[in-house]
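In what follows, every heavy atom counts, from backbone to side chain, and hydrogens, waters and symmetry copies are set aside. Model, not experiment: these values are computed from the prediction. Residue numbers run from 1 in the order of the sequence given.
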Amino acid sequence: MGISRDSMHKRRETGGKKKAWRKKRKYELGRQPANTKLDTVNKTVRRIRVRGGNVKWRALRLNTGNYSWGSEAITRKTRVLDVVYNASNNELVRTKTLVKSAIIQVDAAPFKQWYLTHYGVDIGRKKKGGADKKEETEGEAAQEAKKSSHVLRKIEKRQAERKLDPHVEEQFNSGRLLACISSRPGQCGRADGYILEGKELEFYMKKIQKKKGKTAA
């Protein structure tokens, strides 16, 4: 018995059973779910020939993806670090399964690096005291000296229009950003998505906090 997506086996609207008057059809077939897992070392993607000679890419193991930062209109390839929330099933969080709309944590380093070059601001850096602070300021001064006056003026103008979500800034301190997968890893073989911001970020932060509270209790 293969996996079928037909409605032949379903009951009528009134509740009566329907008699199977024909066999299964090729166009009604279904396949095993990909259950794409988060793997820190390997990346495994399989090529699948589908109806019409087309191709699907079935990701079995993934660890990276392209994530866009909407408010800054940039995209960077970054590492997927963990699966933290899934609205449909907690089991998918426990088994670290990557599916569309799963809430994950990604490495903040590529975005932090871009922010530094674009705005000249090093976000997520912990404040240091004494000699460390002095060395840091000296290093920054040397870096500033290397830049031309044109570049410095450009950065100054950008800083005037700079806005950063406080919740996103907070996450930069931990080096992990909350993101949502918008692609379908089992269909296209990729785990791409976007960084959570604004109301959506607040919503999922509450959900994650609530879940943590339940597990602690």
Side-chain angles (χ1 to χ4, degrees), residues 38 40 62-87 93 96 98-183 190-213:
L38 173 61
T40 50
L62 287 175
N63 50 24
T64 57
N66 297 318
Y67 289 85
S68 73
W69 189 355
S71 61
E72 297 294 348
I74 61 139
T75 303
R76 290 288 176 273
K77 184 180 179 178
T78 184
R79 285 185 305 126
V80 178
L81 302 173
D82 199 6
V83 180
V84 289
Y85 183 76
N86 195 307
V93 179
K96 296 190 192 302
L98 301 174
V99 292
K100 187 178 175 176
S101 296
I103 304 303
I104 57 169
Q105 282 182 335
V106 297
D107 186 15
F111 299 101
K112 194 176 170 182
Q113 211 173 350
W114 173 85
Y115 208 86
L116 180 61
T117 53
H118 192 73
Y119 290 111
V121 177
D122 194 0
I123 45 172
R125 181 179 278 191
K126 287 171 185 172
K127 288 171 185 174
K128 294 172 184 176
D132 291 338
K133 201 172 184 182
K134 195 180 176 186
E135 278 174 34
E136 207 173 282
T137 48
E138 279 172 15
E140 278 174 16
Q143 209 172 9
E144 287 290 310
K146 282 176 192 174
K147 287 173 184 170
S148 67
S149 57
H150 172 69
V151 171
L152 290 170
R153 277 200 307 274
K154 202 192 282 185
I155 287 171
E156 206 175 303
K157 194 183 176 185
R158 283 172 187 163
Q159 279 183 355
E161 296 161 12
R162 183 173 76 93
K163 282 179 187 174
L164 184 61
D165 189 325
H167 291 305
V168 175
E169 193 172 1
E170 206 177 286
Q171 287 179 74
F172 271 105
N173 294 330
S174 64
R176 291 169 171 233
L177 296 173
L178 283 177
C180 179
I181 298 174
S182 58
S183 69
R190 297 157 69 108
D192 297 342
Y194 58 93
I195 303 296
L196 293 177
E197 295 176 276
K199 289 267 191 284
E200 193 178 8
L201 175 59
E202 283 172 31
F203 174 81
Y204 283 115
M205 280 174 85
K206 279 178 191 170
K207 288 279 184 189
I208 292 162
Q209 205 58 45
K210 197 176 176 184
K211 204 178 94 176
K212 276 182 185 172

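Closest non-hydrogen pair, C180 versus L196, comes out as CB-CD2, 3.9 Å. The two residues L177 and A108 come nearest to each other via the heavy atoms CG-CB, 3.7 Å. Of all heavy-atom pairs between A191 and L98, the closest is CB-CD1, 4.3 Å.
The side chain to side chain donor-acceptor pair (under 3.5 Å) search around Y119 returns E72, not counting sequence neighbours. For K100, the side-chain contact (heavy atoms from CB on, under 4.5 Å) partners at least two apart in sequence or on another chain are R184. Residues satisfying the salt bridge (Lys or Arg N to Asp or Glu O under 4.0 Å) criterion with R153, sequence neighbours excluded, are absent altogether. With sequence neighbours excluded, no residue satisfies salt bridge (Lys or Arg N to Asp or Glu O under 4.0 Å) with D165. For H118, the ring pair (Phe, Tyr, Trp, His ring centres under 6.0 Å) partners at least two apart in sequence or on another chain are W114. Qualifying side chain to side chain donor-acceptor pair (under 3.5 Å) partners for E200, counting only residues two or more places apart in sequence or in other chains: Y194. For K112, the salt bridge (Lys or Arg N to Asp or Glu O under 4.0 Å) test picks out no residue, with sequence neighbours left out. Under the side-chain contact (heavy atoms from CB on, under 4.5 Å) criterion, A179 pairs with Y67, I104, V106, I195, sequence neighbours left out. Here R176 pairs with nothing under the salt bridge (Lys or Arg N to Asp or Glu O under 4.0 Å) rule; sequence neighbours left out. For Y115, the side chain to side chain donor-acceptor pair (under 3.5 Å) partners are R162, not counting sequence neighbours. When the side chain to side chain donor-acceptor pair (under 3.5 Å) test is applied to S182, no partner is found at least two apart in sequence or on another chain.
Under the 4.5 Å side-chain criterion, counting only non-hydrogen atoms from C-beta, N63 is not in contact with T40. Looking only at side-chain heavy atoms (C-beta outward), N66 and R190 come within less than 4.5 Å of each other.
A distance of 8.0 Å separates CD in Q209 from CE in M205, rounded to the nearest 0.5 Å. Atom OH of Y85 and atom CG of L178 lie 12.5 Å apart (nearest 0.5 Å). The line from CD of Q105 to CD1 of I208 is 7.5 Å long, rounded to the nearest 0.5 Å.
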Under 3.5 Å, which donor-acceptor pairs link side chains of residues 74-83 to any protein atom two or more places apart or in another chain?
residue : atom : partner : partner atom : Å
T78     : OG1  : D107    : O            : 2.7
D82     : OD1  : K96     : NZ           : 2.7

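Without hydrogens or angle criteria, K207 side chain to A87 main chain gives no donor-acceptor distance under 3.5 Å. Side-chain N or O atoms of E169 include none that pairs as donor or acceptor with a backbone N or O of L164 at under 3.5 Å.
Shown here is Q113, whose CD atom has no more than 12 heavy atoms of other residues, nucleotides or ligands within 6.0 Å.
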